[in-house]
2 protein chains.
Amino acid sequence: MTKYVYDFAEGSKELKDLLGGKGGNLAEMANLGLPVPPGFTVTTDACRAYLRTGDEPFGLADEIDLHLERLERQAGRRLGDTADPLLVSVRSGAKFSMPGMMETILNVGLTDTTVIGLAAQTGGDERFAWDSYRRLIQMFGKTVCDVPGEQFDRALDAVKATKGTADDLGLDAGDLQALVTTYKEIFTAHTGRSFPQDPRDQLDQSIRAVFSSWNAERAVLYRRQEHIPADLGTAVNIVAMVFGNLGPDSGTGVAFTRDPATGAPGVYGDYLANAQGEDVVAGIRNTMPLQDLARLDRRSYDELLAIMAKLETHYRDLCDIEFTIERGKLWMLQTRVGKRTAAAAFVIATQLIDDGVIDADEALTRVTGAQLAQLMFPAFDLAGRPERIATGIAASPGAAVGAVVFDARQAAEVAASGTAVILVRRETNPDDLPGMIAAQGILTSRGGKTSHAAVVARGMGKTCVCGADGIDVDVDRRQFTIDGGHVVREGDIVSIDGTTGSVFLGAVPVQPSPVVRYFEGALSPGADPLVAAVDRLLSHADKVRRLAVRANADTFDDAARARRFGAQGIGLCRTEHMFLGERRPLVERLILARTGAERDAALADLLPLQRADFVHLFQAMNGLPVTIRLIDPPLHEFLPTLPELSVKVALAESRGEPDGHDRALLDAVQRMHEENPMLGLRGVRLGLVVPGLFAMQIRAVAEATLACREQGVTVRPEIMVPLVGAVQELEAVREEALQLLRALGVDARIGTMIEVPRAALTAGEIARAADFFSFGTNDLTQMGWGFSRDDVEGAFFTRYLELGIFGVSPFESIDRDGVGRLVRIAVDEGRRTRPDLHIGVCGEHGGDPESIHFFHDAGLDYVSCSPFRVPVARLEAGRSAVAASGSDTR
Amino acid sequence: MTKYVYDFAEGSKELKDLLGGKGGNLAEMANLGLPVPPGFTVTTDACRAYLRTGDEPFGLADEIDLHLERLERQAGRRLGDTADPLLVSVRSGAKFSMPGMMETILNVGLTDTTVIGLAAQTGGDERFAWDSYRRLIQMFGKTVCDVPGEQFDRALDAVKATKGTADDLGLDAGDLQALVTTYKEIFTAHTGRSFPQDPRDQLDQSIRAVFSSWNAERAVLYRRQEHIPADLGTAVNIVAMVFGNLGPDSGTGVAFTRDPATGAPGVYGDYLANAQGEDVVAGIRNTMPLQDLARLDRRSYDELLAIMAKLETHYRDLCDIEFTIERGKLWMLQTRVGKRTAAAAFVIATQLIDDGVIDADEALTRVTGAQLAQLMFPAFDLAGRPERIATGIAASPGAAVGAVVFDARQAAEVAASGTAVILVRRETNPDDLPGMIAAQGILTSRGGKTSHAAVVARGMGKTCVCGADGIDVDVDRRQFTIDGGHVVREGDIVSIDGTTGSVFLGAVPVQPSPVVRYFEGALSPGADPLVAAVDRLLSHADKVRRLAVRANADTFDDAARARRFGAQGIGLCRTEHMFLGERRPLVERLILARTGAERDAALADLLPLQRADFVHLFQAMNGLPVTIRLIDPPLHEFLPTLPELSVKVALAESRGEPDGHDRALLDAVQRMHEENPMLGLRGVRLGLVVPGLFAMQIRAVAEATLACREQGVTVRPEIMVPLVGAVQELEAVREEALQLLRALGVDARIGTMIEVPRAALTAGEIARAADFFSFGTNDLTQMGWGFSRDDVEGAFFTRYLELGIFGVSPFESIDRDGVGRLVRIAVDEGRRTRPDLHIGVCGEHGGDPESIHFFHDAGLDYVSCSPFRVPVARLEAGRSAVAASGSDTR
């Protein structure tokens, strides 16, 4: 028979699936011999059974009987004993922490009769006893019976008003006893029955309520947002109550074994005398620093410090704890591995190495690429104490400052005039896209991490704070109002922090990231403990990682920066970027050429420019490989758009002022127009159809190589053919390229993008003609799913994230089941044909932590990402290697 | 050691890979005891070795020695014997017939001395001997030594001119002897050496020349066009010469064992007395019907008839043969299974059943869906003997009549005025597309089956004759000139036959296909032997096939026709077709709706219309399944295009006459504009984003089902969700649909298109929520290859076919390696999840013969195609079943 209930003595943190995080950790502490109040845990199995059938599973009641008896024996008190009653707390505890999402009921066991016993038990503290009872009725009413909480709040306020006090402490035992009567009346009015006077009945109903809370709407939403599976269920912890509000020798506190903000060593926490945990959370009274406890209760303080040291040694990490002191006796109520800031994560991980607690491999598992990325954003300098006017959801990181605007058109206009703007909306929709593009940052008052604003901003890499519900946006009056009533008008300056969710009035100075300054060589590792930690962990990642890290870069500056950031080569140089700006007229000539001679002339003029581009790139990457992708986009992308040009020509002709060049251009644009240019004449197709185009580029690579060779620069060129779907395409280009290269005496690897699904499906064939593969996971995702990022991200991703069709946008993290399967097929079958095939990825996924782990597992040789993501990729590549070798325990 | 040479006695037709078609069949005849001149075959192995290394493989020369000796013994003559010389022919013979593509050298063995012997041998026929010698020099010179053929022709013409004769027969032995001298001089002038006087040297050089001819440009082009693998190589046949030109008791002929045009029983052929084979081919003299040979040489005639009967029994099929009678002695020079017209194929196959030669299964392997499709096109009625003015390549079947136009713009204009047009161009390019769309047919003077015109016309299903090099197109003067000088001007009527390649002057009457009239019920099977044969073979196909055949149809008429053509249900009803025409304003209202209520109102107005559509469809398909696909295309497809509307609004506004509705429409079009609509908000995405849209359609299906039920019509509705890429999408729609259907008391299968690569890759998951899969192979091809048919077919397919990247457009026949692999993955993994999963295909490939075999092999349950292709699909499904069971020998 399934066992549904575990005493703390029977559990451990390894049983988190069954006992939840809280229950597992309570058991762990109990087994370490720490002072944990007696208690037991009802398992997630029981919860799942309950949710499935709507009833407690068979045997659960008996097991609870048994464990309750044991608890009573350990506590030396019995539930419902009128003279010396046992009280218990009933708390949810799921495998993954869901803070504030689920339910707690304290003081279960109090009734009209046991409340008297409680008073006696606490030395005649009647005020305490009645206060505890009214809290039970309130929590039980709200949680178990859905009584609207504000009815209780209103009754409490009424009593306080009558007594002329603003504070609960102004009420005496009589007031509270009267309040209990009122509360019971509220309970009965709402539920149609009296408040249960059988403590066991209270307990059972509470357990059921906790089970049900798993499917409360806010819990469902939270899980969806945090990608927590919906079918785990919660455990329920039943623990003997201890009280921190029994006088000045009682109290309650929270503590961390190190500073969770900076990682600085030494305990860190808050203590509140004569209070219960919820009072600390509510922030009604000011807490004191934990160190002050030493003055009040040296014995408990020393015991606590010893316990914290023991916990850190045991958990081998920063722990946070909750504790209560009841009349001089210390009780541990909770512990877990503590959350920390990104900076603290790095600092603590290196400290733990130095402390001999973990090794460098494990230290890598304690930090993430996402944290490192966070540390690389500029941050606001808060030294001037700017006025924080609201806090929202940190939806897309960065620090943005600008003038407030309220619609897309204005955003575009003001931005065009050179003024930085922040677009403020209640929520955004696809019509706001131009405004979002123009703005420095986006601020909304509604919507979460999967709202349109959040999804699109992240896609653009633009700072965004969303769901700042403290502001009230009035687009018609072009202003928003802050909670306090302050009004921010169009044109006022605000600063928004997409990393923390803070919104400040005025322009807050922006500080460059010290980590970036270190990468740039402007700061030495020794100058700052955070930088030292980052340097140390990155060095270790470099040592252990199997994946090489390259950068996507098209210019000398980008390439040089990438190299400073640790790139081991260029994995993608997009040559089409070299066709823009002042070279556009040349490209226009190429496209409008009516004869082969005209076309050849245009190409001949492009050759020296392209050659010079490559020379610069090769110089920046002296000694490292540089992958040059032949031109990819359709040629008409270099011409004006069809609607734009159609209107221009139609208007000019209606005025009787026709323009011959525009008309010729329009003819070309019409001729070359494609309904779906992404699926049109581009990439290798272009190369095979437009004579001389690829040859010009290949010649430019070869000539640049020769020029660099003369300067003593070592060049390792790799020529990459885009959009190949069949080996014959690649063979045709390869043959032409090899002839050209041989004629010029230049050696280069020739390979292909794998970005068309068919290329992955026939990779075994394609490998015959390729020295390397580079996955273009953007296109592979677009074609694999059949959607174009530009067109759909704003249009339906929000809805898809809401529906749970995506956990995360497949453009952010690679879709392992679909697109990832294509990657694995291509790697396996490509290598089967050619065991030495060099394989990398140059899509944006190359810089995404989740995806990097996948690429490591799939057996790639390198990832290539934007220069700024190179350190993140180095770190995650190291983490992947360590995780694959089995020491990642999270 | 590899054996490189086979005597005829050692070979057989089963060794075609090694001996080629000609060699295998010669051996077969020899082994049947038929009178074949002695000879042997050098294998394709030898050819491949030669092509690889540039040299004869080791041992080949010795083997030739050996077999030559044997040949000499059998022939009773020796090569180079000055008194009684042996002459041989050296002919290529590949596995697949490549008519006229490769090389033949006759009379090998003649030299300045053996020519005398030959004269003696033939009873002093000196004229014959010198004529034979000069032919050898000419053929050897051209074929082996690349001497330009026209030099010989000119010399011959000069002699004829001198003699005042137009005919070779006007030359006597002396003239020919002199010509031999001239020919040898030409030979020496061109090659720098004298004509070889060693017969064995002649033979070896000839064999090498035949080897090399495999890679001649025209052979390479031909193979590419016919999809013959490039690495097979050719065999070489060395056969003792026999002569049909030794007098009136000699002659040569070709014959078929049945009429290859109609399939009528009885031998059929031509005979030319006192002539060689090449004279028949050249058509210099008129041949006589084979039957007349009975009068000339009864013995040979009877022997020939007996041989032909024996061959047909042996080959169990229509054979064609070449024979020569040398002074009353019959020699068989070649046989093979004969080519025939589509009609003959059907008639002969059923005759052979009746003759007890083959069974019905095998008869199915003797006809093809392509032949049946050909028989279903209307054909020109040639009874009026219309004037054929040119013949080109039959590039896309059909019979089209119209006025000649010479450019796309005019084609569109004239066609818009209601006049049928034929677009005539030298060759077409993407600019001609609008004209090709407007025209009834396309005629070009250049380009082959893979030219732009051919590829695009086939894609459109439009009649096309291309490469009609007998016409000279002059676009500027708007006319074309025919070989004879006749001029056809713009507006003149022509008739083009895309099935035969014929071009006629004037309007040729078009006859409906008797096969189609039979399907339509207008002709009984007994009325016509062809119709009887088609009926019989289709019935057998229906009996043996495993694949069901459904039709893609959206209207009552299409559905009813499909049913008459044998469809077993509707596999695809495209509901978006129901949103066009007069319903467009309703769709506009739906799109422009500003509130949920406006949208609901528009949907409510569409509901009864859609319901009525379904009622009609269900009535036509009473008792058969009908698959209804929920709306697929992006909504903006129902609005005007962006350039069009932009110009309209800009012009109106520049005139100061703004139109509010147009402006609102433009705003909507701009808002909804997608760069790549194929990869945009369509299919299931639309259904999940636009509330009520799918629900309206599902409700219409359910209500139509109920309405039909009341009329006693049996409805088997299947609801199909388009563009699914993830199981969650399907689950969301399925849940909503099931609720609706249950509420209305209607049962329907719910399934999905598999048209996005990811759907195929995750089919195991998707099958959890699907009752059926239907492959949308058009989209699967577009996304798998990453190209959109509309955008690329004209733009680069021609080039790709030329380069051999495609053998055939992947939109015509399914790409087995890439897209087909996705199909197999989806079938296997879908069925693993759900063994009873019903699987079909509704892309255009469902009607393509090649693809149908693939779908049979992949294990599909049905194919669905356009109504007109249903009989083709039935036939090919039967053929697939027979082929899979192993009796297809081709």
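Naming: A, B, ... by sequence-line order, numbering from 1 per chain.
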Scored by heavy-atom pairs under 4.5 Å with chain A, the best of B:Ala759, B:Gly680, B:Pro757 is B:Pro757
When the 4.5 angstrom heavy-atom criterion is applied to B:Tyr800 and chain A, the contacting part is side chain
Applying a strict 4.5 Å limit to non-hydrogen atoms, the region of B:Ile825 in contact with chain A is side chain
Bottom line for B:Asp815: the part with an atom under 4.5 Å from chain A's heavy atoms is side chain
Under 4.5 Å to a heavy atom of chain A? For B:Val684 that would be both
Of the listed A:Glu675, A:Gln782, A:Glu731, the one with the largest count of heavy-atom pairs under 4.5 Å with chain B is A:Glu675
Chain B shares the most heavy-atom pairs under 4.5 Å, among A:Gly683, A:Pro643, A:Ala726, with A:Pro643
Validation row: B:Phe796, A:Leu688 side chains within 4.5 angstrom (heavy atoms): no
Report, as yes or no, whether the 6.0 Å neighbourhood of atom CD on B:Gln670 holds more than 12 heavy atoms from other residues, nucleotides or ligands. yes
Of A:Gly784, A:Gly818, A:Gly725, the largest count of non-hydrogen pairs under 4.5 angstrom with chain B goes to A:Gly784
Is a side-chain N or O of B:Asn676 found less than 3.5 angstrom from the main chain of A:Ser788, in a donor-acceptor match? no
Ranking B:Gln728, B:Arg821, B:Arg758, B:Arg671 by heavy-atom pairs under 4.5 Å to chain A gives rank one to B:Arg758
Residues A:Gly786 and B:Val756: closest non-hydrogen pair is N-CG1, 4.0 Å
Ranked by heavy-atom pairs below 4.5 Å to chain A, first place among B:His673, B:Arg655, B:Glu729, B:Glu755 goes to B:Glu729
Shortest non-hydrogen pair, A:Leu761 vs B:Leu822, comes out as CD1-CG, 3.4 Å
Among B:Arg789, B:Arg685, B:Lys648, B:Arg682, the residue with the most heavy-atom pairs under 4.5 Å to chain A is B:Arg685
Heaviest contributor of heavy-atom pairs below 4.5 Å to chain A, chosen from B:Val819, B:Ile805, B:Leu651, is B:Ile805
Pair count under 4.5 Å, heavy atoms only, with chain A: among B:Glu765, B:Met672, B:Glu644, B:Met678, highest is B:Met678
For A:Glu735, does the CD atom have more than 12 heavy-atom neighbours from other residues, nucleotides or ligands under 6.0 Å away?
no
In short, B:Ser646 meets A:Val647 closest at the heavy-atom pair CB-CG2, 3.6 Å
